[in-house]
Every structure is written in C-alpha cells, then in structure tokens.
Amino acid sequence: MKLKLSLFGITKEIVGSSELELTAPDTQSVAGLMEQLRTEYPKLRELTSCAVAVNSEYAADEYQLHERDEIALIPPVSGG
C-alpha cells in the first residue's frame, strides 16, 4: 500500500521535504513504519523520541496503518 506522511520540525529537515510518500506492506504497523523510515533515513535514529499521529490522534506502535490514513511524524520540541 502507499502511505502519505506529513513531516514537521527536525524530521522534515532530515528527509528534506514536508511530505513523503512511500510503499509499505499491507500489514504495516506504526512500529514497522518507523523502522522502515529509520532504515531509509538513518539520521532519524538519532532522535530521542518521535511521536506518530494517525488521523489526528497519537498512535501506538502496534496500530495497523491503512492506505488512506493521514500520518504525521511529530518530533520532540524544546523551548520554554
């Protein structure tokens, strides 16, 4: 299946784009997606955390993705 992701902050800088389309297995989970991304973009492994939102809600690692899901990578933020 094809997945479309929105990227923010440092994830956008690492990938070099605010959006990313990729092909994933039909049974792709959030954890599997993150591993696929870390393989394609090794600098993502340097992040201490990175949340994944699916259809505007934070998703657990075991969540099974679907082709039309709206997926966003939300990196850690700092500030005061």
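Just so it is clear, the values below take in all heavy atoms, side chains as well, and ignore hydrogens, waters and symmetry mates.
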Report task. Evaluate the side-chain proximity of S18 to K12: yes if any heavy-atom separation is below 4.5 Å, no if none is. Result -> yes
Query raised in the report: Can you name the closest pair of heavy atoms from F8 and A72 and give their distance?
Result: CE1-CB, 3.8 Å
Report summary line: When every non-hydrogen atom of P75 is compared with those of G9, the smallest separation belongs to CG-CA, 4.1 Å
Query raised in the report: Would you call E35-R45 a salt bridge at under 4.0 Å N-O?
Result: yes
Query raised in the report: What is the minimum heavy-atom distance between E19 and K4, and which atoms define it?
Result: OE1-CE, 3.6 Å
Query raised in the report: Is I10 isolated, or which residues cluster with it under the ILVMFWY side-chain rule of less than 4.5 Å, directly or via members?
Result: M1, L3, L5, L7, I14, V15, L20, L22, V30, L33, M34, L37, Y41, L44, L47, V52, V54, Y63, L65, I71, L73
Report summary line: On a heavy-atom basis, the closest approach of D69 and Q64 is OD2-O, 4.3 Å
Query raised in the report: Taking E70 for the side chain and A53 for the main chain, is one N or O donor matched with an acceptor at less than 3.5 Å?
Result: no
**Report entry** Separation between OG1 of T11 and NZ of K43, rounded to the nearest 0.5 Å
**Finding:** 14.0 Å
Query raised in the report: Roughly how far apart are K2 NZ and E67 CD, rounded to 0.5 Å?
Result: 8.0 Å
